[in-house]
Amino acid sequence: MFAFGMDLGTSSVLLYRQGKGIVLREPSVVAVRRRSGQVVSVGQKARDMLGRTPEDLLAVRPVRGGVITDCEIAGIMARTMLRRAGCGGMFRPNLLICVPPLVSELEERAVLDAGIQAGASRVYLMEQPVAAAAGAGIDPHSPKGTLVVDIGGGTTDIAVISMGAVVRAVSIRIAGDSCDNAVQAYLRDAHNLDIGLSTAEYIKCEIGGVLPREEESRLTVRGRRVSDGLPACVTVQSGELVSVLHEQAEQILAAICGLIELTPPELVGDLTETGLVLAGGGSRLYGIGSYLSQELGLEAHTSDDPEACVVEGTSRVLGRLKNCKEGTINIARRRQGIV
């Protein structure tokens, strides 16, 4: 029986099929009717509706901060994604879903329920930092400590892993979405321009950065003038956004330093050799890797596609799922020493 690995993220869903690689990558957005709750579209079409939906339609993200907030909608979304990836009818695959390192038992159950609703035969869980390290080409089962920083859409998950498990972890709500919010607020305050979050994300990706760019870039931005509500456009330069996004990076750095202080000294010493693994779409932000590397004195490692690191890492496990415990590996219970 074939198996899928799934990264059910705040911003996007990625599917890895055993033997075929990544077969799907779509935004984790669902468009539903307000009154009936009927699902209208899933994925990219639903994302295109963000900020543009008629009064009767609502574009929602069933995953927030790496946690499922609406199990039913998340199940529908996951089932639709699996069908698009070629799974349907009589075929009920095994499904390996990656979850944040500090997941609770209740949150684990929500993920498992979503997987079953999606049509999986059996559902397994894997900790995201372990998968991210594997996807970046680092051996997560090495006894040496490795620092993993996964900058996603809703949260940045930071963990020190060793021997295939998370030793210390922290999760903060400073990530891609908070950067978008910061850009949106800056345009409103500095340029008297109101823009949507999709536009803010585009600006961040095109000219935003934690450090100054070698060549100044500029971008024409269209939106609504705050003072009178009329359409307007302004020119934004990349240098304007450095201080805005640098504040976000500083908070990530502070969280990393706080975690390192709580990590056993032997593993901290290993970090000078193993370095820092950057994963998640947020790690594409210009200068974030260089900034963290300089401040921490650690070499930064990432892949050409950091957003896919987590789901790529599931490939190491898919071939031996039958040897794993079904359902809850129970991450929450194992962390507490219950099982």
Q | Main-chain N/O of Leu262 paired with Arg168 side-chain donor or acceptor, under 3.5 Å | A | yes

Q: May I have the step-by-step check of side chain to side chain contact (heavy atoms under 4.5 Å, CB included) for Leu267 and Val167, ending in yes or no?
A: CA-CA 9 Å; Leu267 295 180; Val167 179; 3.7 Å; yes

Q) Taking it one step at a time, do Val183 and Val236 satisfy side chain to side chain contact (heavy atoms under 4.5 Å, CB included)? A) CA-CA 11 Å; Val183 171; Val236 182; over 6 Å; no

Q) With distance as the sole test, does Ser28 use its side chain to make a donor-acceptor pair with the main-chain N or O of Val13 at under 3.5 Å? A) no

Q) Is there side-chain contact between Met6 and Leu14, with heavy atoms separated by less than 4.5 Å? A) no

Q) Quick one: do Leu285 and Leu298 end up in the same hydrophobic cluster if we chain Ile, Leu, Val, Met, Phe, Trp and Tyr together by side-chain heavy atoms under 4.5 Å apart? A) yes

Q) Hey, are the side chains of Ser171 and Pro100 touching, using non-hydrogen atoms and a 4.5 Å cut-off? A) no

Q. Stepwise, does the side chain to side chain contact (heavy atoms under 4.5 Å, CB included) test hold for Gln184 with Leu197?
A. CA-CA 7 Å; Gln184 185 184 47; Leu197 287 175; 3.5 Å; yes

(Q) Is there a path of hydrophobic side-chain contacts, each under 4.5 Å between heavy atoms of I/L/V/M/F/W/Y residues, joining Leu271 to Tyr291? (A) yes

Q | Atom of Ile260, atom of Val268 and distance for their closest heavy-atom approach | A | O-CG2, 3.7 Å

Q: To the nearest 0.5 Å, tell me how far Cys179 SG sits from Ile174 CD1.
A: 8.0 Å

(Q) Go through it in stages, so that I can follow the logic: the residues are Arg284 and Asp305, the test is salt bridge (charged side-chain N to carboxylate O under 4.0 Å, His left out), and I'd like the CA-CA distance, side-chain angles, deciding distance and then a yes or no. (A) CA-CA 9 Å; Arg284 291 185 181 275; Asp305 189 1; 3.1 Å; yes

Q) Measuring from Gln128:CD to Ile97:CD1, what's the distance to the nearest 0.5 Å? A) 11.0 Å

**Q.** Nearest-0.5 Å distance that lies between atom CZ in Arg79 and atom CZ in Arg84
**A.** 12.5 Å

Q. Are side-chain N/O atoms of Glu26 and Ser12 paired as donor and acceptor at under 3.5 Å?
A. no

Q) Heavy atoms, side chains only, cut-off 4.5 Å: are Ile203 and Leu241 in contact? A) yes

Q.
Return the CD to CG distance between Gln38 and Leu57, rounded to the nearest 0.5 Å.
A. 9.5 Å

(Q) So for atom CD, which belongs to Glu72, do other residues, nucleotides or ligands contribute more than 12 heavy atoms lying within a distance under 6.0 Å? (A) no

Show every donor-acceptor pair shorter than 3.5 Å between a side-chain atom in residues 245-258 and any protein atom, with sequence neighbours excluded, or say none if there are none.
{"unit_1": "His246", "atom_1": "ND1", "unit_2": "Glu250", "atom_2": "OE2", "d": "3.3"}
{"unit_1": "Gln248", "atom_1": "OE1", "unit_2": "Ser178", "atom_2": "OG", "d": "2.9"}

Q: Looking only at non-hydrogen atoms, find the nearest pair between Val148 and Ala132 and report the distance.
A: CG1-CB, 4.0 Å

Q. Do the side chain of Thr69 and the main chain of Pro62 share a donor and acceptor less than 3.5 angstrom apart?
A. yes

Q. Should Ile151 and Ile138 be regarded as members of a common hydrophobic cluster, given that ILVMFWY residues are connected when their side-chain heavy atoms come within less than 4.5 Å of each other, either directly or indirectly?
A. no

Q.
According to a hydrophobic-cluster definition based on side-chain heavy atoms being under 4.5 Å apart (Ile, Leu, Val, Met, Phe, Trp, Tyr only), do Val277 and Met126 belong together?
A. yes

**Q.** Separation of Thr274 OG1 from Ile161 CD1 (nearest 0.5 Å)
**A.** 9.0 Å

Q: Indicate yes or no: at least one non-hydrogen side-chain atom of Leu15 is less than 4.5 angstrom from one of Leu82.
A: yes

Q. With no hydrogens and no angle check, is any side-chain donor or acceptor of Arg213 less than 3.5 Å from a backbone partner on Gly208?
A. yes

Q | side chain to side chain contact (heavy atoms under 4.5 Å, CB included) between Val242 and Leu211, worked out | A | CA-CA 6 Å; Val242 172; Leu211 300 174; 5.8 Å; no

Q. With no hydrogens and no angle check, do the side chains of Asp113 and Gln117 hold a donor and an acceptor under 3.5 Å apart?
A. no

Q: Using only heavy-atom distances, determine whether the side chains of Tyr16 and Glu312 contain a donor-acceptor pair under 3.5 Å.
A: no

(Q) Under a 3.5 Å distance rule, please check whether Thr263 uses its side chain to pair with a backbone N or O of Leu259 as donor and acceptor. (A) yes

(Q) Are the side chains of Arg92 and Arg122 in contact, using a 4.5 Å heavy-atom criterion? (A) no

Q.
With a 3.5 Å distance limit and no angle check, can you tell me whether Ser283 reaches the backbone of Gly280 through a side-chain donor-acceptor pair?
A. yes

Q: For salt bridge (charged side-chain N to carboxylate O under 4.0 Å, His left out), just list the numbers for Arg47 and Glu201, CA-CA rounded to whole Å, side-chain angles, deciding distance to a tenth of an Å, and then say yes or no.
A: CA-CA 13 Å; Arg47 186 185 188 281; Glu201 181 184 15; 2.3 Å; yes

Q: Please confirm whether the backbone N or O of Leu219 pairs with a side-chain atom of Glu206, one donor and one acceptor, at under 3.5 Å?
A: no

Q | Pairwise side-chain contact, Leu24 with Arg17, heavy-atom cut-off 4.5 Å (strictly under) | A | no

Q. Can you find a pair of side-chain heavy atoms, one from Val221 and one from Leu193, that are under 4.5 Å apart?
A. yes

Q. Would Phe4 end up clustered with Val63 when hydrophobic side chains under 4.5 Å apart are linked, directly or stepwise?
A. yes

Q) Are any side-chain N or O atoms of Thr80 and backbone N or O atoms of Ile76, one a donor and one an acceptor, separated by less than 3.5 Å? A) yes

Q | Salt-bridge contact Arg225-Asp228 (side-chain N to carboxylate O under 4.0 Å) | A | yes

**Q.** Shortest non-hydrogen separation from Glu127 to Ala165 and the atoms involved
**A.** OE1-CA, 4.2 Å

Q) Asn94 and Ser121: which non-hydrogen atoms are nearest, and at how many Å? A) OD1-CB, 4.0 Å

Q.
Please give me the minimum heavy-atom distance between Thr220 and Cys233, naming the atom from each residue.
A. CG2-CB, 4.3 Å

**Q.** Val123 and Ile116, any side-chain heavy atoms less than 4.5 Å apart
**A.** yes

Q: Hey, could you give me the NE2/OG1 distance between His191 and Thr235, rounded to the nearest 0.5 Å?
A: 8.5 Å

Q) Checking Thr156 side chain against Ile172 main chain: does a donor-acceptor pair fall under 3.5 Å? A) no

Q.
What verdict does the salt bridge (charged side-chain N to carboxylate O under 4.0 Å, His left out) test give for Asp194 and Arg224, after you've listed the backbone C-alpha separation in whole Å, the side-chain angles of each residue and the deciding distance to 0.1 Å?
A. CA-CA 5 Å; Asp194 201 6; Arg224 181 179 61 202; 2.8 Å; yes

Q) Shortest non-hydrogen contact from Met81 to Gly43? A) CE-CA, 4.1 Å

